[in-house]
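Notes to accompany the following structure.
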Amino acid sequence: MPESKRLFFAIELPAPVQRKIVRWRAEHFPSEAGRPVAAANLHLTLAFLGDVSVEKQRALAAQAGRITQPEFTLQLDDAGQWLRSRVVWLGTRQPPRGLLQLANMLRAQAARSGCHQSPQPFHPHVTLLRDAGQAVAIPPPGFQWAFPVKEFALYESVFARGRTRYTPLQRWTLGNTQRNSDEV
Ligand code: 3AM
């Protein structure tokens with residue numbers, strides 16, 4: 001069988017934000033609320049690709065490299081639970097246009113490359129707890145954690161020894177308007 005990897009595009013969270021999230025989660029959710037996502041795995045998914053061959057990975061990476069999108073600021077100021085997917089999440093009340101455009105482009109490129117895309121609209125979120133099948137009280141986020149997003153990454157998801165680990169394989173810088181201005 002040809003080698004394939006389970007891949008997705010995502011935004012990495014700065015380590016200090018990951019630490020703040022973990023502290024906030026520990027203060028507000030009992031351990032039975034769900035399975036906490038490890039601090040280093042906290043991310044915001046842009047497009048899920050599924051199991052991808054080496055050739056398709058190369059093609060998707062080449063297409064991602066052609067995206068020219070401005071940087072934006074992401075403000076985590078919302079929280080909620082989706083009972084159907086059994087997750088508790090953090091999100092943003094007003095997703096920046098740059099975030100939505102970036103996700104839409106990556107999702108469209110993935111669909112054109114034959115990666116099945118969910119028909120659900122993109123709901124930017126950072127998953128905090130999985131297997132959260134019982135409704136839990138979601139405290140109003142008493143924070144507005146904002147950070148600049150200057151790049152996005154292609155991640156591999158590996159499940160080994162009972163643990164899932166997300167590893168960034170490749171990164172692309174946002175705000176690369178050089179190419180645009182070259183074309184003018
Ligand atoms: O950002 P989150 O953690 O919600 O749920 C999985 C995770 O998203 C999602 O891809 C991210 C990295 O694993 N995911 C897993 N399987 C999926 C699927 N079949 C999926 N998203 C859509 N369809």
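Counting starts at 1 for both ligands and their atoms, following the listed order.
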To the nearest 0.1 Å, how far is [atom] from its closest protein heavy atom, and which atom is that?
atom: atom 2 (P) of ligand 1; value: Thr127 OG1, 3.4 Å
atom: atom 15 (C) of ligand 1; value: Phe48 CE1, 3.5 Å
atom: atom 3 (O) of ligand 1; value: Arg130 NH2, 2.7 Å
atom: atom 13 (O) of ligand 1; value: Tyr166 OH, 3.5 Å
atom: atom 8 (O) of ligand 1; value: Thr45 OG1, 3.4 Å

Over all atoms of both residues, closest heavy-atom pair of [X] and [Y]:
X: Ala132; Y: Leu83; result: O-CD2, 4.1 Å
X: Leu13; Y: Leu42; result: CG-O, 3.7 Å
X: Ala64; Y: Gln109; result: N-OE1, 3.7 Å
X: Gly98; Y: Gln69; result: O-OE1, 3.5 Å
X: Phe9; Y: Leu60; result: CZ-O, 4.2 Å

Polar contact flag for Ser157 and ligand 1 (N/O pairs, less than 3.5 Å): no
Contact check, His125 vs ligand 1, heavy-atom distance below 4.0 Å: yes
Should Gln117 be listed as contacting ligand 1, given a heavy-atom distance under 4.0 Å as the test? no
Do NZ/NE/NH1/NH2 and the carboxylate oxygens of Arg171 and Glu12 come within less than 4.0 Å? yes
Once you restrict to heavy atoms under 4.0 Å, what part of His116 touches ligand 1? Side chain, backbone, both or neither. neither
Do the ring planes of Tyr155 and Phe8 sit parallel (below 30°), tilted (30 to 60°) or perpendicular (above 60°)? parallel
Provide the number and element of each atom of ligand 1 under 4.0 Å from a heavy atom of Arg6. 15 (C), 16 (N)
